[in-house]
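Just so it is clear, the values below take in all heavy atoms, side chains as well, and ignore hydrogens, waters and symmetry mates. Both ligands and their constituent atoms are indexed starting at 1 by order of listing.
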Amino acid sequence: MRQTARNRSRRPGALAGALALAAALTGACGFDPAQSGAARPAAQGTRAASGAPAGGTPRGFDEREFQEDVGTAVTITDDFWRRHWDRLFTGEYDSPRVAGLYDGRDPASAPVCGRERLEPDNAAYCPAGDFVAWDAHLMRSGYARGDAWVYLVISHEWGHAIQNRLRRGLVSPAAELQADCLAGAVLYGSSDDGTLKFEDGDEQELVDAFKVIGDKAPWTKPGDHGSAVQRLRSFSRGGENGVRACFT
Ligand SMILES: [Zn+2]
């Protein structure tokens, strides 16, 4: 995916069908790709002497493009909500803080949420601090599969920040599925708005991403989890029908 000034609308209607036979996974803001053989960082858990970024880097990995995509995902997601908030909700939109990348294996790096440090290999929205953050291993190993990964993770976590800004009655008991729906609404809505361009392979990458994600965030409740099929279906609903479809 990339940032663009050109509008090229893509509809995700085929996505849900593409995953119909995938095995159900228990989930996360579980985004742990290790369970399905994702590429793992070459220098796992150590800071390489060559000056590689904390968290290690998979072989053949373009760190500069990765950093650019993470930045673009944050920008387009925040811009989407700022642009559409007035039409959807009351009050004013305010952005969550972006703690961004952390090394979950290094206690000094992982942000504290309430009284707990964020876990390795996960991504999170922290209601206590109103920030979003993502583990560097998780993001780099997912990105090694394709750039759509970081857009999905970031727009999903942002979805939790949005939920936290709404009346409780609007937040679905299936909070993870609703966050997936909001992620779909943001990515396809940004495509419609002309701020994000889908490239060949992105939609397959999204399908693949849903095969490997789960939800282990400690503040989620039983019933929040969805199977990969349910999660992709929810994402597609937001993508096809927009934000309002995530609240029906
Ligand atoms: Zn989540």
Taking both backbone and side chain into account, is any N, O or S atom of D180 nearer than 2.8 Å to the Zn ion (ligand 1)? no
Is R167 atom CZ crowded by more than 12 heavy atoms from other residues, nucleotides or ligands, each under 6.0 Å away? no
Just checking F247 against F89, ring centres under 6.0 Å apart? yes
Looking only at the aromatic ring of each residue, does the gap between the centers of F131 and Y125 stay below 6.0 angstrom? no
Any idea which N/O/S atom from E176 gets closest to the Zn ion (ligand 1)? OE1
Give the name of the N/O/S atom in H156 that lies closest to the Zn ion (ligand 1). NE2
Roughly how far, to the nearest 0.5 Å, is CD of E205 from CZ of F198? 10.5 Å
